[in-house]
Structure formats: structure tokens, C-alpha cells
Amino acid sequence: MISLDDARQHILAAVAPLEPRSVALADARGLVLARDVVAAEMVPPFANTAMDGYAVRAADTAGASDDAPATLQVVGELAAGVAPSVAVGPGEAIRIMTGAPVPAGADAVVMVERTRSSGASVDILQAAQSGDHVRPAGGDLEVGQRVFDAGTVLTPAHLGVLASLDVGAVQCHPRPRVGVCSTGDELVAHGPLAPGMIRDSNRPMLLAVLQESGYEPVDYGIARDDEAVLTETITRAVDECDALLTSGAVSMGDYDFVKVVLERLAGQRAASTYAWMQIAIKPAKPLAFATIGGVPVFGLPGNPVSSRVSFELLARPALRRLSGRADVVDPPVRAIARSPFRRRTDGRVHFDRVVVSYEDGGYVCERAGFQASNVLSGMAAATGLAILPDGDGVPAGAAVDVLLL
Ligand code: AMP
Ligand code: MG
């Protein structure tokens, strides 16, 4: 057996970020910038008011108070979206609405709550300082400023900023297209079960987890335990996708052909590697990993819990690297065990399914039902994976590291 770290290092060393391309803003959420973004215009594009009120010359309001207001002539009105046509002269004010450009002559805005209007004139009840409630041109972003660095993961707020700069497309690592295929003669998608048959749960789960993670899932259905069928399916998938997940047929059974087919395909194509690993973790000990013509293929184990855990620990970091992300592994959180985790002495790190909650200023966790690698309902209840090293177990009340799902 090899350690989880060694298995991950092996996989990550074989995977590189996808070639950047120009992506429209509407398709870019969650993608990783491949180049710095530099502002070609300033934000905001002109000085404008942060308040509804009156644009004034601050000097005209010196000493103003409720008892001794400064009375100014109102010479105009400015709504947002209107270009100023008159300037504010000495002793004058312009009624102004939030977002409207600050007119020439004015250097401050007095909020309407601190004024008293009497039609043609307005009483200012408070002395303004130059710059009050004025949002200067370029106050957020200056022309030439580096706005986002290469490597930034684009969130909705990033897209808003890019839109404010009239950036319509960005150079990004594209969203990885990831194929999913189940293997097994016993699998049916739905409907009545003939004797010995079960329903395919891995494929819908893996397609959904890919979609949830911001990748583009591609469904390759169920492949029978047949070398020719598997070869055809895997060949087609690696030609059409940036990565492929298969499940099943990677352990020690007589019909575990994924290993055989991946090894043969890797031998036939340039830029290929193949490894079958036994990793010191439970669940998800076996993994077949290949790069076929540079496309990573994860032969995940068949038991549904193992499939998902293997995806989280080994495939997800690689998909993140494909997508250009530098942070490929999320750090665990510390949680207090509500119930004890028993002693283990099999030389493996156990990833128990747990329900994590936040209570009294910290995380607590509790086992999520029966912990067998075929019991997917426990996985469905879980919100985390407790990391339990080989050893004496963890008593209730002690801290454990937990990967949040
Ligand atoms: P295998 O490694 O192919 O022998 O599969 C291990 C176990 O997982 C067997 O009990 C399979 O029936 C089961 N299994 C494999 N693939 C799936 C799947 N897609 N959905 C549900 N169970 C599966
Ligand atoms: Mg099988």
C-alpha cells in the first residue's frame, strides 16, 4: 500500500492546467483567470454623489447649523444618468440624486436630511467639508491598475467588476469536460430488476458532484464487463473529454477489466501513463489511474461510498489542477467528536462519514449511520469525512480533523 499523499503526488504530477482560451463573461463563473486583468477605464467614470441632497461649495456652508443655516439659491436639479449643464456658483446649490455627476463648481454634497427646502432656495443646516459624500472618478479602479491577478477564481463579484470595466471576455482555463461511465454486468439504470441485478447509483452521483463543482459532466452510460465494450467507451470518452471517471472493475475480481484496458490503451498512445494503486485509506483502497494521450482517467472503485470518497480525495484535486486552480486540496476543519470512533489497526487512514454541525463557537461531528462502503445512505446523510489515522481511536469529546463535503 502507498500513502494517500504519495498517490496524490503521483496523480498531480501527471496533470497540468488546460490551455487558456477566451471565455465570455456569462460563462466564466468559477473559472480561473489565466492572465492578469488590467483596467482600461476608471471606475467610477466620473465624480458622483453618494447621497441624495444638494451639491454645494463647501466654503459657502462654513459655520452652518440648525440655528444658523446657510441659505443657498437652488439653480438646478440632477438625477442619475443626467450630464450637468450648469455649474454651482458662489452662494448656489444644485439638488442632486445618488449616482448623479457632481457638477462643476461644487466640491461637496450635503445630504437632504441636513437641509430645509423652500423652493427657490435651500437652508443648509450643517457645515460641509470639501469632498463630503463625493465619490471621486477612479476612486474604485484607476486606468492601468491591475485589477485581478492570474489564478483568481472568478466569483459573481469578480464578474460584476469585469462588467463595470466593459470586459466582455476573459482569458481563462476552460471548464473541464469530465466523462462518467459505470461498469458492471449487474447494473441497470432504472426499472424492474432481473435476478442478480442492481441499479447504477455511481453514475448519477458522480455526474451530480461534477456539476455541483462547476465542471461539465458528460454521461457515457453503463459499460458491460467486456474488454471490447470498455475499450470503445473509454477511447471515445478520452477523445471527447478533458478527464474521465469510471467506477468499478479495479479490484481483484476476474472481470475487473478497467485495469486491463487502461494499461493497454496507455501502452498504445503517446503521452500516456498507467498505475494501479493500493492506497492506505478506507474506504477506497484501489485506484486505477491513467493518462491516455494526456487525458487523466480515474478508475474509481465500484462500491458507491468508495467511489465518492475516492473522487473527493484523489480525483477532485486533479480536476482542480486541470481547471487552473493552485489550491487543489481544501484544508480540514477541527471538530469535537460527539461519539467515540473505535480503534483501528489495519494500517490505513479511515475516512468515516460524519454529520458536522456548528455549536457553541466550534464544529462538532457525529458518525453518519452505518459505515460500510456499499451503504450510500450514510454518505447521503454525511456532511463531512472524519480523518481517523490508524491507532487507538478517538474518545467522545476529543478533536478530530474533518474534510467538509
Ligand atoms: P467491482 O469493483 O466492480 O467489483 O464493484 C464493487 C461493488 O460495487 C460490487 O458490489 C458492485 O456491484 C458495486 N457497484 C459497482 N458499480 C456500481 C454502481 N455504478 N452503482 C452501484 N453499485 C456498484
Ligand atoms: Mg464490477
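Ligands are counted one by one from 1 in listed order, and the atoms in each one are counted from 1 as well. If you read the sequence from its start, that first residue is 1, and numbering goes on from there.
- Taking the six-membered ring for Trp, Phe298 and Phe311 have ring centres at least 6.0 Å apart.
- Side-chain contact between Val178 and Glu216: absent, with no pair of heavy atoms (C-beta onward) separated by less than 4.5 Å.
- No part of Asn374 comes within 4.0 Å of ligand 1, judged by heavy-atom distances.
- Between Ala249 and ligand 1, at least one N/O pair is under 3.5 Å apart.
- Around atom CZ of Arg264, more than 12 heavy atoms belonging to other residues, nucleotides or ligands sit under 6.0 Å away.
- Asp392 places no side-chain N or O within 3.5 Å of a backbone atom of Arg343 that could act as its donor or acceptor partner.
- For atom 22 (N) of ligand 1, the closest non-hydrogen atom on the protein side is Ile198 CD1, 3.5 Å.
- Ranking the protein heavy atoms by distance from atom 14 (N) of ligand 1 puts Gly302 O, 3.3 Å first.
- Surrounding OH of Tyr255 are at most 12 heavy atoms belonging to other residues, nucleotides or ligands under 6.0 Å away.
- More than 12 heavy atoms of other residues, nucleotides or ligands shown are found within 6.0 angstrom of CZ on Arg199.
- The closest approach between any non-hydrogen atom of Ser251 and ligand 1 is below 4.0 Å.
- Ranking protein heavy atoms by distance to atom 17 (C) of ligand 1, first place goes to Asn202 ND2, 3.4 Å.
- If you look at Ile222 next to ligand 1, there are no close heavy atoms at all, none under 4.0 Å.
- From the protein, the heavy atom lying nearest to atom 7 (C) of ligand 1 is Asn303 OD1, 3.4 Å.
- Between Arg203 and ligand 1, a contact under 3.5 Å exists for no N or O pair.
- Taking all heavy atoms of Met205, Glu186, Met252, Met197 into account, the minimum distance to atom 12 (O) of ligand 1 is reached by Glu186.
- At a heavy-atom distance under 4.0 Å, atoms from both the backbone and the side chain of Ser201 approach ligand 1.
- Interface atoms of ligand 1 facing Asp200, defined by a heavy-atom separation under 4.0 Å, are 18 (C), 19 (N), 20 (N).
- Of all the atoms in ligand 1, the ones that sit under 4.0 Å from a non-hydrogen atom of Ser182 are 19 (N).
- Here the shortest heavy-atom pairing between Arg29 and Arg175 reads O-NH2, 2.9 Å.
- Tyr54 carries Arg95 over the face of its six-membered ring, with the cationic atom under 6.0 Å from the centre and within 45° of the normal.
- The nearest heavy-atom contact from the protein to atom 4 (O) of ligand 1 is Asp256 OD1, 4.1 Å.
- Taking a 6.0 Å sphere around CZ of Arg224, one finds it holds 12 or fewer heavy atoms contributed by other residues, nucleotides or ligands.
- When non-hydrogen atoms are compared, ligand 1 lies under 4.0 Å from the backbone of Arg199 (N, CA, C, O) but not from its side chain.
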> Please walk me through it: do Thr273 and Thr291 pass side chain to side chain donor-acceptor pair (under 3.5 Å)?
Replying inline: CA-CA 5 Å; Thr273 63; Thr291 50; 2.6 Å; yes
